[in-house]
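The structure appears right after this line, and notes come after that.
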Amino acid sequence: MPLNESWQTGEIPGPKKASLIVKPDIADAMIRRAKRPILIVGHGILEYEVEGLRLIDCLIELAKKGKIPVVVTASTNKEFLARGYIPAAIMPAVDIANRLTDATWKGIDGKDTYDLAIFVGLPYSMEWTILSGLKHFAPGVKTMTLDCVYQPNASWSFPNSTIKEWAASLRAIVANLGD
Amino acid sequence: MPLNESWQTGEIPGPKKASLIVKPDIADAMIRRAKRPILIVGHGILEYEVEGLRLIDCLIELAKKGKIPVVVTASTNKEFLARGYIPAAIMPAVDIANRLTDATWKGIDGKDTYDLAIFVGLPYSMEWTILSGLKHFAPGVKTMTLDCVYQPNASWSFPNSTIKEWAASLRAIVANLGD
Amino acid sequence: MSRKGVSFRVKEINSDIAQFRDLSISIGAIHEEKWDEPMGPTPFPTLSTLRSWDHTLLKRYKPFYLPFCDLCCLCTYGKCDLTGTKRGACGISMSAQQSRTVLIAACIGAATHISHSRDLLTHVIEQYGSDFPLNIGGTSVEVEAPITRLVCGVKPETLGDLEPVLDYCENQVTQLLAVTHTGQEGNNLDFESKVFHAGMVDHVGMEVADIAQVSALGFPKADPESAMADLGLGTVDATKPVVLVIGHNVPPSTSIIDYLRDNGLLSEIEVTGICCTAMDIARYSAKAKIIGPISWQLRYIRSGVPDVIVIDEQCVRTDTLQEAAAIRTPLIATSDKNCLGLPDRTNDPIDAIVADFVSGKVAGALVLDMEKVGEIAVRVAQGIAPNRKKQGTLPSKDRIIELAKKCTQCMLCRRACPNDLPIPQAIKPAAGGNLGPLNELYDDCVGCGRCEPACGQKIPVHSLIVGAAEKQTREETFCIRTGRGAIQDVEIRKVGGPIVLGEIPGIVAFVGCANYPKGSREVAEMCMEFAKRRYIVCTSGCSAMSAGMYRDKDGKTAYEKYSGAFEAGGIVNVGSCVSNAHISGAAIKIASIFAKRPLRGNYEEIADYVHNRVGAVGVAWGAMSQKAAAIAAGFWRLGIPVVVGPHGTKYRRMLLGRADKDEDWYVYDARTGEKVYGGPVPEHLFFAAETKEEAMVMIAKLTMRPNDTSKGRANKLANYVDLHKRHIGGLPPDVHRLVRVPADIPLTMKSEILEHLQQHDWKEQPIPDPTLLPRMVHTRRD
Amino acid sequence: MSRKGVSFRVKEINSDIAQFRDLSISIGAIHEEKWDEPMGPTPFPTLSTLRSWDHTLLKRYKPFYLPFCDLCCLCTYGKCDLTGTKRGACGISMSAQQSRTVLIAACIGAATHISHSRDLLTHVIEQYGSDFPLNIGGTSVEVEAPITRLVCGVKPETLGDLEPVLDYCENQVTQLLAVTHTGQEGNNLDFESKVFHAGMVDHVGMEVADIAQVSALGFPKADPESAMADLGLGTVDATKPVVLVIGHNVPPSTSIIDYLRDNGLLSEIEVTGICCTAMDIARYSAKAKIIGPISWQLRYIRSGVPDVIVIDEQCVRTDTLQEAAAIRTPLIATSDKNCLGLPDRTNDPIDAIVADFVSGKVAGALVLDMEKVGEIAVRVAQGIAPNRKKQGTLPSKDRIIELAKKCTQCMLCRRACPNDLPIPQAIKPAAGGNLGPLNELYDDCVGCGRCEPACGQKIPVHSLIVGAAEKQTREETFCIRTGRGAIQDVEIRKVGGPIVLGEIPGIVAFVGCANYPKGSREVAEMCMEFAKRRYIVCTSGCSAMSAGMYRDKDGKTAYEKYSGAFEAGGIVNVGSCVSNAHISGAAIKIASIFAKRPLRGNYEEIADYVHNRVGAVGVAWGAMSQKAAAIAAGFWRLGIPVVVGPHGTKYRRMLLGRADKDEDWYVYDARTGEKVYGGPVPEHLFFAAETKEEAMVMIAKLTMRPNDTSKGRANKLANYVDLHKRHIGGLPPDVHRLVRVPADIPLTMKSEILEHLQQHDWKEQPIPDPTLLPRMVHTRRD
Ligand code: SF4
Ligand code: SF4
Ligand code: SF4
Ligand code: SF4
Ligand code: SF4
Ligand code: SF4
Ligand code: SF4
Ligand code: SF4
């Protein structure tokens, strides 16, 4: 599998493409460096379970450790609630992305703009187009995806990976963040 | 300069892209392996001179050593004639490329089809589109460019290079071929 | 030299020059006088006539651009990299370029409906004459052409009256397409305004097509109890010769039915259809069987069942000739828009054509004479069926296992699949004999075939999936209420009150194509859910088929379970794609018939009424085509929100409101002229949902309107809150923005909502008499 | 309810309903009777009428596809990867997709001309009335509308007669655009046939526009000695208030001239123009100055000279508003196709608008009333000029050096430049004070501005180049013969013989945009070369300007050096883009007037004549736009070859003959009906040349026709061989394919050509009476 090609073969991006998160520390560094990160979680995460670890639990840990507010889309909320974690906001993916393009938007807490938006779990092509929207129209927001496939329109993305490699990376990111 | 991006920033290719000629031997191996190579030389070569070496002389040597028939486009013929080298054919670039898409075409000598077409010296975007035509419609013909810029639609291309690096590579290719 | 020359056939022009003049006389505006409604301000609007209305909407519902490509490749200055703030060689910005791309799509869509409309109209006029009266539903439908009346300010009474309406449409499409030329419009919002214009013109074109065919071909006339037709692969009797029709323009298919009828063959031959031609042929004869939407083309052809394939135009897979050849089934092309490189046999004798087909001498032919097509198709099917033996190309179980063994798990098929289906993961067990996982993919597969050329091992991936689902396909035996056409004026009068009072929480229309993220079933489930909740549910085109392709736990399809009337809890299949005009037409008729707003050439006022008062929502869950883009745009200009599935983000932009920006939601109170807060309703104009669940919750929310009575708002809120609780979890976070006065709160949810309101510093807001048009202040006529 | 409603203004419809009916009566075909030519076989052809002619051409000139993108992104099933033999989700193949893209471009181009034509016609009918007679050249031009007569079979005599012609065009564009919808046409050659159809319809639309404006606005009427106008940046008197008009639709500009004339201000104000509006305003008043083609927009605006900018439609840079604001020059938009987001001030009083502009309160406004525009523009220019002080944004020499120092040599500007100009290499010395290399780029720069946003250092690269060329721009003082319009019938009669006999080796038309690989000068050089060789040279649009932008060693421009007559060695500027119709019209008139072939509705025969007998070649050296694509397609359907520059490969495909395949070059001999070898002439239908030299050699070759007399062929060969020797070197390798009989050999080249013939086993071939239409055998009428 090619590392840094669109997972959907035809969804070729233009000249500006995501840097690869080749090592988990890269993602950690970016998250640490961000003043106001936000995590947007789509329904796709509900499917993933590797070696007993459910992705959603990993993300909750990430959000807690990194103190990152979570926006849930679609029905993802139910699963978070079921785990006793109350997301910062429930909002469709296009709505939160649209707000991120507004440089005057003060965030879900009304305090300030976000400088890093971390996406995970949206359908591939929907995430592709939404990240494209942000690439072009949200110059102040860096974007990162935590999916196991390359998303060229993000600022940083994992390469196309096997579920195993990817789960290991995620675990490492979360572990590091705790440091 | 990025090695394997289109030299013209906007001329993004699709999923199928040229392999890089990272070392001159790669090109040599391809040329040697070809049963019936052909060299197509555009007018752009007339501009290039590096450290006393004129590109055209280098190509004549390449053609001679590799016993590769040369097709000249535009006014390139005059310069070849001036050096006492008679090209195998004079033909506009779109004409020779069009013939290469015809799997029944027996070549300029009427003997057989070509399996490797080496391009050099066409205007960048014209070469881009012509190589695209061959990528899609000449499945039996591998293509290579000897220009100093990356041509994504070829089968093999040099990376975007400085004139110096590139001249050195060309020289090495020609030298190797003599072996 | 009359404009009629346009639609002439060559032979006619040749035969008699005088005819030109005769016809030019018949163009006249005879019926004009009979319509005593005074002309409104904007008949035959040009590109700029309704611009200020568009900008009013666009100020609230701003485009959120989702570039699907970072480049522009529209002229030879390009490709231009438009990333971020870069501009192209013509000076264009990314936002304008995205809107420009939407405009091209909307123009293609509108042109497609309008040109279809023109071909159909020319055909029925040739058959029935210009003076043939329009009859959409007898006396039940007095407002026969609400969109045409509204947009053009004319009241057509005969088929001939529809011609100048199409002239207008063609003129406007040409103007609009010109706008996309290099170095024309430079402003994204003005591009968007033109997209709306294209959409409006598209609805005129669709209306013309459907009222012409309903009138001339005797389709169900606004009949809530139109007949049921068979639906699904399993309904075909493959022992008979089988004709397959694909496309959108019904005349070649009606000619098949006519020939069968005239020759007493109706029960000897199966006439089956895919896409809108199927919908319309079933309106012509309920004996025709509907196989399914566009995604069924490959699987049905590969099954080997059809003995002859007749294609007309639109949404016909462009590899149909190759697929037909693979099962040795002849193909007849019948539209000059889709000639497939075939020899033109239009003027050859029928016997010769039939003989050539039956002997296998030719694989396909172009026949542009509709009357010939019927006989040819039937006789070819009869002639060829005995020898073909229905050999398809779908692999047997053993063959599937054998093919699956060749798989290298390279993932390329999955990476080519629009729905990212886990194909390699399903092929692996298949190689070991377990076809279950492959079969499971069947429901979610949109039948695009892209996985096949992607596979380096030449595994016919789609055929593997369909082959593995063989039992399931045999069980596809559903039914569908045939397209009824328009909504009766009397139905409008009946529901007008309940809609405004809120007994009916809204109108939800499921329209458009089958590019679903998770298969057809989701459409059926949504239809049933909203019908159960007593919304008025409308369906059309591919979505109307999908709505019928599922049985609930009682074993009933949506059409069996719910009535076909335009009433609370009805599921109203209006018909094919062009019948979508009856849905926008119904919204317009609510304003005109129920609320008595002047209709003629009075676009802005009617749109303002619909936007502020009629709780209609369009849902194009699998919208794929340029036509779908144009249809959506026609709804947008009326202020009707449209919800699409996740693939809809590829349409390049959403039109999203910002509920959090109070200043965006002010309306004029028509009674006082004051600007008052109307609430974020409807919140969006174009919205892509990630999942069915998110869509349903959003649909319920988008039926709200500033004009809702408290009873109405309470009913709408009850549905919204309930759906949110079930599918998203908890009370909706924005419920305080949607409650205006205490009476808006649904009784059963009182305490929890009150608590929420308190937490959010809720304040009571008066319910306005809302309008976005300053000129409507104090001038209300209802 | 007449179709006239289409072009009505709202106010008129409102004011009087009866008018509808009055007008519907005036549609009539009154003049039909007066034209005694019998109707030909194909008036008002539909998409399929001329299909077999197209396929005949396409069999010989097969598309060579040059995909400019490997994907299709036209619907939400996509993007689809179409690499090699892959197919999209709709089943489409790469070849069909490329042709489909060409069809979209051709539809956009045709729609643009036709909608421009409609707006113009509506405007002049409003001003002069429907009955205003067409007058293209008095009695010198009896065949006033050769294309319209040929295609539609009608003979227009008044402005009003042109309306139904445009109805036809709009109808066909709509049909054609529908073909590009997902799931329509699946065959690449049928797409190409539709491209040809779009081109043919485009030429009808162009003809209507130009004969309407020539007639109504009093443009030069087929006048070989039309006035000379100033051309070039250096011709503007910047001490006066300066108006700049940009676009293609001349009415706003004529309204400026009218206001100046009426108020005796003609010599007080400079009226300057860019693009075709410039060409046409100079036809209206030779006092108007033409700045240059599209590539001059940025440099002229940035010079700060214009005090007001009036834009209409087409090829107006979409960043004009931003550029205008940067020099504090107000902008008036006048077309509903290009509103730029500006407030609509159409109905505001002129004084208020002028005041708002002059005070700087508004930067731009939309004014859709042409009559108001003239006064506003002039008064704004007068009011604003004294204060603006012509401050431009071009950097001084010092500033250039300063900016150049910021350059990091990252190459991004060069990588953004369509012509791959060595910008970083020129900026380096500039940082050291040597602006020479930067200045050298000026000639080759197409002024697209793409280099600027590419630069991370925010260096205004294009401005640096223009700034460095400051002296050169001041010296741009050229002249151009204003567009003469049609070719006189008597000229056609005069050249018909010499063309067929070969005294005139061919007609070479330089048309289209300014996307040149190496600047304007190459066009001027080619024009002069072919005029010197006594070809008939035609020019139009941007190319006509470029042709005048160069002085030869005698200090003369092409227009000063050569006559404006349609004769050997003439350089005939027909006018703006829409005047291109007179070039195809001239070819048609050679068949009709000189050879007396029936014209009316007789497309195939005329095209067959032109293709086999009229040695015309179109050259669109800088073809960039969709309009250029449509214009080329109109020439292709007539069998006239078109040569483009290297950027032309981005049009996605060439149409190339294969001289080496003898079997491709057989024609019918009309005398005998036999199929005989006609030789590979013209060799190509659409050809992209790599360099000017290659183009010139190919042009000379492409003027050959199978019907050439020996004298004619010898003359054509002499030019071809001579050009080949000079520019390519040696005898052309294919000369043996072009000599049919010994008498074909140019006398002066006898021995070397004979030697070549011997080496190539040459055999004499009879000269046929060539036709590609079986039905023309034995039925010749000339
Ligand atoms: S817009 Fe579409 S066709 Fe053009 S470059 Fe982008 S993906 Fe390719
Ligand atoms: S239309 Fe504009 S942005 Fe698109 S390729 Fe042409 S110049 Fe570039
Ligand atoms: S045919 Fe089905 S499985 Fe194959 S790519 Fe299309 S949707 Fe995916
Ligand atoms: S593309 Fe073919 S080989 Fe690759 S995973 Fe899919 S089925 Fe297997
Ligand atoms: S709903 Fe969509 S796919 Fe179906 S027939 Fe209509 S346009 Fe085609
Ligand atoms: S039109 Fe066809 S090839 Fe293009 S994106 Fe749609 S399905 Fe794919
Ligand atoms: S403005 Fe001139 S230099 Fe700059 S990119 Fe365009 S052509 Fe090249
Ligand atoms: S883009 Fe700017 S910094 Fe880079 S080479 Fe060009 S001028 Fe210099």
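Treat the numbers as computed from the prediction; the structure is a model and nothing was measured. In the text below, chain A, chain B and the rest are named by the order of the sequence lines, each starting its count at 1.
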In Å and rounded to the nearest 0.5 Å, what is the NZ to NZ distance from D:Lys725 to B:Lys78? 12.5 Å

Enter the distance from D:Phe68:CZ to B:Ile12:CD1 here, rounded to the nearest 0.5 Å. 10.5 Å

Would you say the side-chain atoms of B:Gln8 pair up with the backbone N or O of D:Cys417, donor to acceptor, closer than 3.5 Å? yes

Give, as side chain, backbone, both or neither, the part of D:Asp81 having an atom under 4.5 angstrom from any heavy atom of chain B. side chain

D:Arg450 versus B:Thr9: any side-chain heavy-atom pair under 4.5 Å? no

When only heavy atoms count and the cut-off is under 4.5 Å, which of residues 154-170 of chain B reach chain D? none

Quick one: what part of B:Pro92 sits under 4.5 Å from any heavy atom of chain D, side chain, backbone, both or neither? both

Measure B:Ile130 against the heavy atoms of chain D and call it side chain, backbone, both or neither at under 4.5 Å. both

About how many Å separate CZ of D:Phe64 and CG of B:Leu100, when rounded to the nearest 0.5 Å? 8.0 Å

Is any side-chain heavy atom of D:Lys650 closer than 4.5 Å to a side-chain heavy atom of B:Trp128? no

Based on non-hydrogen pairs under 4.5 Å, which of D:Gly648, D:Cys410, D:Ser95 is most in contact with chain B? D:Ser95

The reported gap from CD in D:Gln98 to CZ in B:Phe137 (rounded to nearest 0.5 angstrom) is 6.5 Å

For B:Ser125, is it the side chain, the backbone, both or neither that has a heavy atom under 4.5 Å from a heavy atom of chain D? both

Check whether B:Glu11 gets within reach of chain D through its side chain, its backbone, both or neither, counting any heavy atom under 4.5 Å. side chain

Least distance between heavy atoms, D:Arg415 atom then B:Trp7 atom: NE-O, 2.8 Å

In sequence, state the C-alpha distance, the side-chain angles, and the governing distance for B:Val72 and D:Ile728, and then conclude on side chain to side chain contact (heavy atoms under 4.5 Å, CB included). CA-CA 9 Å; B:Val72 287; D:Ile728 310 270; over 6 Å; no

Side-chain donor/acceptor pairs under 3.5 Å, residues 679-686 of chain D, sequence neighbours excluded:
from, atom 1, to, atom 2, distance (Å)
D:Glu683, OE1, D:Lys701, NZ, 2.6
D:His684, ND1, D:Gly657, N, 3.0
D:His684, NE2, B:Asp95, OD1, 3.2
D:His684, NE2, B:Asp95, OD2, 3.0

Under 4.5 Å heavy-atom distance to chain B, tell me which part of D:Lys661 shows up: side chain, backbone, both or neither. side chain

For the backbone of D:Arg658 and the side chain of B:Arg99, can you confirm whether one donor and one acceptor N or O come within less than 3.5 Å of each other? no

Heavy-atom cut-off 4.5 Å, strictly under: side chain, backbone, both or neither for D:Asp734 against chain B? neither

Please state whether the side chain, the backbone, both or neither of D:Arg653 comes within less than 4.5 Å of a heavy atom of chain B. neither

Of the backbone (N, CA, C, O) and the side chain (C-beta and beyond), which part of D:Met654 lies under 4.5 Å from a heavy atom of chain B, both, or neither? side chain

Would you give the length of the straight line joining atom CG of D:Leu66 to atom CG of B:Asn98, rounded to the nearest 0.5 angstrom? 9.0 Å

Show, in sequence, the C-alpha distance, side-chain angles and deciding distance for D:Lys62 and B:Thr101, and conclude whether the side chain to side chain contact (heavy atoms under 4.5 Å, CB included) test is met. CA-CA 12 Å; D:Lys62 294 204 176 67; B:Thr101 64; over 6 Å; no

Ignoring hydrogens, what is the shortest heavy-atom contact between D:Leu656 and B:Val94? Give both atom names and the distance. CD1-O, 3.5 Å

Tell me, side chain or backbone of D:Pro733 under 4.5 Å from chain B's heavy atoms, or both, or neither? side chain

Smallest heavy-atom separation, D:Pro67 atom then B:Ser132 atom, equals O-OG, 2.6 Å

Contact residues of residues 14-26 of chain B (partner chain D; heavy-atom separation under 4.5 angstrom): B:Gly14, B:Pro15, B:Lys16

Contact winner vs chain D - B:Ala138, B:Ala93, B:Pro139, B:Ala97, heavy-atom pairs under 4.5 Å: B:Ala97

Side chains of B:Glu47 and D:Pro422: closer than 4.5 Å at any heavy-atom pair? no

Given the rule in the side chain to side chain contact (heavy atoms under 4.5 Å, CB included) test, do D:Asp70 and B:His136 qualify, once you have shown the distances and angles that lead to the verdict? CA-CA 9 Å; D:Asp70 298 338; B:His136 292 282; 2.7 Å; yes

Is it the side chain or the backbone of D:Ala454 that comes within 4.5 Å of chain B heavy atoms, both, or neither? neither

Among residues 690-698 of chain D, those lying within the under-4.5 Å heavy-atom range of chain B are D:Glu690, D:Thr691, D:Glu693, D:Glu694, D:Met698

